[in-house]
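Quantities reported herein were computed from a predicted structural model and do not represent experimental measurements. Quick note: numbers below take in every heavy atom, side chains included, and nothing from hydrogens, waters or symmetry partners.
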Amino acid sequence: MYPTLLAGLALLGTSLRYATRPDTRYVPLMLTLGLFTLFAGGLGFITGIMNLLRAYVGPLASEGPSVLFIGVQEALHNIALALLMTMVSALAASVGAWRLARQARAAVAATVPVR
């Protein structure tokens, strides 16, 4: 979960900066950090399932199938963290996009001559 958390925090920081000072140069960074966060969460989930299955045929073989449900639940925390970080960051980026649109509209209104 650490790579997912680090990528998500970088994404959140970039999105908050974009929300406070909207500039189009932050958009590619937000997109790639968002993808990286989701991919890190997916990779964490897959490796968690792999470790669970390895343990289930080994030392946890006598525990029964209930351990599989607990392990899958634990592995899904990676996905939940990635989705939470991207959702909050998308909300912050939406604020920045809204502010950028308002600035663009104000700039157009300032250049249009008054009749």
Side-chain angles (χ1 to χ4, degrees):
M1 288 184 66
Y2 292 117
T4 306
L5 180 64
L6 291 175
L9 289 175
L11 172 63
L12 185 60
T14 305
S15 298
L16 289 173
R17 183 161 180 111
Y18 181 72
T20 56
R21 282 182 270 160
D23 189 356
T24 56
R25 66 187 170 131
Y26 294 120
V27 173
L29 182 59
M30 285 188 301
L31 287 174
T32 55
L33 284 172
L35 284 173
F36 182 68
T37 302
L38 291 174
F39 291 157
L43 181 63
F45 172 72
I46 295 297
T47 56
I49 294 296
M50 290 169 57
N51 287 329
L52 167 67
L53 294 176
R54 186 179 308 118
Y56 185 67
V57 298
L60 297 178
S62 63
E63 296 293 324
S66 64
V67 74
L68 290 174
F69 297 117
I70 295 169
V72 170
Q73 178 194 10
E74 184 68 28
L76 279 170
H77 284 112
N78 289 292
I79 299 289
L81 178 63
L83 291 174
L84 177 68
M85 297 300 279
T86 54
M87 184 183 68
V88 172
S89 298
L91 182 63
S94 297
V95 171
W98 176 73
R99 293 183 70 197
L100 191 63
R102 284 187 55 207
Q103 290 174 1
R105 187 174 51 204
V108 168
T111 59
V112 174
V114 179
R115 297 180 195 196

Item to check | Heavy-atom closest pair, residues Met30 and Ala93 | outcome: SD-CB, 3.9 Å
Checklist entry - Considering all heavy atoms of both residues, which atom of Ala82 and which atom of Gly41 are nearest to each other, and what is their separation? => result CB-CA, 3.9 Å
Checklist outcome for this item: OG1 of Thr37 to CG of Leu12, rounded to nearest 0.5 Å, is 9.5 Å
Checklist entry - Can you find a pair of side-chain heavy atoms, one from Pro65 and one from Tyr56, that are under 4.5 Å apart? => result yes
Next on the checklist: Does Leu84 form a side chain to side chain contact (heavy atoms under 4.5 Å, CB included) with Met87? I'd like the steps, not just the answer.
Outcome noted: CA-CA 5 Å; Leu84 177 68; Met87 184 183 68; 4.2 Å; yes
Checklist entry - How far apart are the C-alpha atoms of Ile79 and Leu38, what are their side-chain angles, what is the distance that settles it, and do they pass the side chain to side chain contact (heavy atoms under 4.5 Å, CB included) test? => result CA-CA 8 Å; Ile79 299 289; Leu38 291 174; over 6 Å; no
Next on the checklist: Nearest 0.5 angstrom please: Leu11 CG to Leu6 CG, how far?
Outcome noted: 12.5 Å
Item to check | Where Gly8 and Ser89 come nearest, the two heavy atoms and their spacing | outcome: O-OG, 4.3 Å
Checklist entry - In chain order, what residues pass the side chain to side chain donor-acceptor pair (under 3.5 Å) check against Arg54, with sequence neighbours excluded? => result Asn51
Next on the checklist: Would you say Ile46 ends up clustered with Ile49 if hydrophobic residues are merged whenever their side chains have heavy atoms under 4.5 Å apart, either directly or through other cluster members?
Outcome noted: yes
Checklist entry - Does some side-chain heavy atom of Val95 sit less than 4.5 Å from a side-chain heavy atom of Thr20? => result no
Checklist entry - Got a second to check how far Leu52's CG is from Thr47's OG1, nearest 0.5 Å? => result 11.5 Å
Next on the checklist: Can you give me the closest heavy-atom contact between Leu81 and Met1, atom names plus distance?
Outcome noted: CD2-CE, 3.6 Å
Checklist outcome for this item: Rounding to 0.5 Å, atoms CE (Met85) and OG1 (Thr4) come to a distance of 9.5 Å
Checklist entry - CG/Leu29 to CZ/Phe36 distance, rounded to the nearest 0.5 angstrom? => result 12.0 Å
Checklist entry - Can you get from Leu33 to Phe39 by hopping between Ile, Leu, Val, Met, Phe, Trp and Tyr side chains that sit under 4.5 Å apart? => result no
Checklist outcome for this item: Across all chains, not counting sequence neighbours, the salt bridge (Lys or Arg N to Asp or Glu O under 4.0 Å) partners of Arg25 are Asp23
Item to check | Point-to-point distance, once rounded to the nearest 0.5 Å, from CG of Leu100 to OH of Tyr18 | outcome: 4.5 Å
